[in-house]
Amino acid sequence: MALVKGDGMEISMEIERKFLIPSLPETLEEYPVCLMEQAYLCRQPVLRVRREEHGEEKSFVLTYKSKGLLEREEYNLPLDEEAYQHLRAKADGRWITKRRYLIPEKDGLTIELDVFEGELTGLVMAEVEFPDRGTAEAYRAPEWFGKEVTYDPAYHNSNLSLL
């Protein structure tokens, strides 16, 4: 659940489960896709800058994430491109680029399927966000999902960005 403040900052509790995906769905081209580029200014706490491209439309955001695996606080602050470029220059580690496909799931949920590019080519993960912990714990993943990695911090993007 997200709360948007007057300055555009979005505050939410992120409750999500993550899974490795052994092979891509055959119908991937049917779903909306967003190209993402992100890097990390800090890993404890997590401070991330991200650029998203939806067709011709671009957006930029600075994100803070608290500690946690299944549940974490998340704050998103919109940036303009100049602020993004300024912060981008200060990031360390590997830049992560990925294509995120939004796939409708049962019970009004959405599968965020991330197909990584660059140095992480070959890695494919699915994330499903939930409105509450109970819904997350009751969720039964589709057959095409692989190993669950929710509780493995190695699969946090902030850790994947380490060289």
Student: Under a 4.5 Å side-chain heavy-atom rule over Ile, Leu, Val, Met, Phe, Trp and Tyr, are Leu24 and Met36 clustered together?
Tutor: no

Student: Is the shortest heavy-atom distance from the side chain of Ile15 to the side chain of Pro131 under 4.5 Å?
Tutor: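 No. Closest side-chain heavy atoms not under 4.5 Å.
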
Student: Which pair of non-hydrogen atoms, one from Pro153 and one from Tyr151, has the smallest distance, and what is that distance?
Tutor: CD-O, 3.4 Å

Student: About how many Å separate OG1 of Thr150 and CG of Leu70, when rounded to the nearest 0.5 Å?
Tutor: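 Leu70 CG to Thr150 OG1: 6.5 Å, rounded to 0.5 Å.
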
Student: Out of curiosity, Cys34 SG to His54 NE2, how far, rounded to the nearest 0.5 Å?
Tutor: 3.5 Å

Student: One pair to check against side-chain contact (heavy atoms from CB on, under 4.5 Å): Thr110 and Val128. What are the steps and the verdict?
Tutor: CA-CA 6 Å; Thr110 300; Val128 181; over 6 Å; no

Student: Going through the distances and angles, do Leu20 and Tyr155 end up as a side-chain contact (heavy atoms from CB on, under 4.5 Å)?
Tutor: CA-CA 9 Å; Leu20 296 177; Tyr155 289 96; 3.5 Å; yes

Student: Are any non-hydrogen side-chain atoms of Asn76 and Tyr64 less than 4.5 angstrom apart?
Tutor: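 Not in contact.
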
Student: How about Val46 and Arg72: do any of their side-chain heavy atoms sit closer than 4.5 Å?
Tutor: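 The answer is yes; the side chains approach within 4.5 Å.
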
Student: Would you say the side chain of Glu14 lies within less than 4.5 Å of the side chain of Glu71, judging by non-hydrogen atoms?
Tutor: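 Sidechains of Glu14 and Glu71: no contact.
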
Student: Tell me whether Val149 shares a hydrophobic cluster with Leu120, the cluster being built from Ile, Leu, Val, Met, Phe, Trp, Tyr side chains joined at under 4.5 Å.
Tutor: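 As far as the 4.5 Å side-chain criterion goes, Leu120 and Val149 are connected within one cluster.
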
Student: Are Ile111 and Trp144 close enough that some pair of their side-chain heavy atoms sits under 4.5 Å apart?
Tutor: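 Contact flag for Ile111/Trp144 side chains = yes.
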
Student: Would you please say whether a donor-acceptor pair under 3.5 Å links the side chains of Ser161 and Arg48?
Tutor: no

Student: Look at Glu117 together with Arg99 and state whether they make a salt bridge at an N to O cut-off of under 4.0 Å.
Tutor: yes

Student: Does Phe19 belong to the same Ile/Leu/Val/Met/Phe/Trp/Tyr cluster as Leu69, with side-chain heavy atoms less than 4.5 Å apart forming each link?
Tutor: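 Both belong to a single hydrophobic cluster.
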
Student: Within a reach of under 6.0 Å around CD of Gln44, are more than 12 heavy atoms found that belong to other residues, nucleotides or ligands?
Tutor: no

Student: What I'd like to find out is whether the side chain of Leu79 reaches to under 4.5 Å of the side chain of Val61, using heavy atoms alone.
Tutor: no

Student: Mind checking whether Tyr84 and Trp95 have parallel, tilted or perpendicular rings, split at 30° and 60°?
Tutor: perpendicular

Student: Can you measure from CG (Asp152) to CG (Asn159) and round to the nearest 0.5 angstrom?
Tutor: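 Separation between the atoms: 9.0 Å.
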
Student: Judged by modelled atom types alone, do Gln38 and Tyr40 share a side-chain donor-acceptor pair under 3.5 Å?
Tutor: yes

Student: When rounded to the nearest 0.5 angstrom, what distance separates OG1 in Thr97 from CD in Glu119?
Tutor: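 Thr97 OG1 to Glu119 CD: 9.0 Å, rounded to 0.5 Å.
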
Student: Can a donor-acceptor pair be found between the side chains of Tyr75 and Glu73 at a distance below 3.5 Å?
Tutor: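 Yes, because at least one side-chain N or O of Tyr75 sits under 3.5 Å from a partner of the opposite role on Glu73.
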
Student: Can you tell me if NE2 on His86 sees more than 12 non-hydrogen neighbours from other groups inside 6.0 Å?
Tutor: no

Student: With a 6.0 Å cut-off (strictly less than), is the heavy-atom count around NZ of Lys67, excluding the residue itself, greater than 12?
Tutor: no

Student: Phe130, Ile103: one ILVMFWY side-chain cluster at the under-4.5 Å cut-off?
Tutor: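 Yes.
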
Student: With a 3.5 Å cut-off and no angle check, do the side chains of Tyr101 and Glu112 form a donor-acceptor pair?
Tutor: no

Student: Do the side chains of Arg17 and Glu137 get close enough for a salt bridge, i.e. N-O under 4.0 angstrom?
Tutor: no

Student: Evaluate the criterion side-chain contact (heavy atoms from CB on, under 4.5 Å) for residue pair Ile21 and Phe145; output intermediate values, then yes/no.
Tutor: CA-CA 5 Å; Ile21 303 300; Phe145 278 26; 3.7 Å; yes

Student: Is a donor on one side and an acceptor on the other found under 3.5 Å between the side chain of Asp107 and the backbone of Leu109?
Tutor: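 No.
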
Student: Is any NZ, NE, NH1 or NH2 atom of the basic residue among Lys98 and Glu37 found under 4.0 Å from an Asp or Glu carboxylate oxygen of the other?
Tutor: no

Student: Could you pull out the closest heavy-atom pair between Glu127 and Asp114, with the gap in Å?
Tutor: OE2-OD2, 4.1 Å

Student: For the pair Arg43 (side chain) and Ser158 (backbone), establish whether a donor and an acceptor sit closer than 3.5 Å, ignoring hydrogens and angles.
Tutor: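 Pair found, side chain donor or acceptor close to backbone of Ser158.
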
Student: Walk me through it: do Val33 and Leu28 pass the test side-chain contact (heavy atoms from CB on, under 4.5 Å)?
Tutor: CA-CA 9 Å; Val33 63; Leu28 203 52; over 6 Å; no

Student: Between Met125 and Val115, is any pair of side-chain heavy atoms under 4.5 Å apart?
Tutor: no

Student: Determine whether more than 12 heavy atoms belonging to other residues, nucleotides or ligands lie under 6.0 Å from atom CD of Glu57.
Tutor: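 Counting neighbours around CD of Glu57, 12 or fewer heavy atoms of other residues, nucleotides or ligands fall under 6.0 Å, so no.
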
Student: May I have the step-by-step check of salt bridge (charged side-chain N to carboxylate O under 4.0 Å, His left out) for Glu148 and Lys18, ending in yes or no?
Tutor: CA-CA 6 Å; Glu148 181 167 7; Lys18 293 183 176 194; over 6 Å; no

Student: Closer than 4.0 angstrom, basic N to acidic O: yes or no for Asp80 and Lys58?
Tutor: no

Student: On a heavy-atom basis, which atom in Leu113 and which in Pro25 lie closest, and how many Å separate them?
Tutor: CD2-CD, 3.9 Å

Student: Out of curiosity, Ile96 CD1 to Asn157 CG, how far, rounded to the nearest 0.5 Å?
Tutor: 4.5 Å

Student: Is there a side-chain contact between Thr63 and Lys65 in this structure, where contact means two heavy atoms from C-beta onward sitting under 4.5 Å apart?
Tutor: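 Counting from C-beta outward, Thr63 and Lys65 do come under 4.5 Å.
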
Student: First locate atom CD of Glu129, then atom CE of Met13, and finally report the distance between them rounded to the nearest 0.5 Å.
Tutor: 12.5 Å

Student: Which heavy atom of Pro22 sits nearest a heavy atom of Gly146, and at what distance?
Tutor: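 Heavy atoms only, the tightest pair is CD-N, 3.6 Å.
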
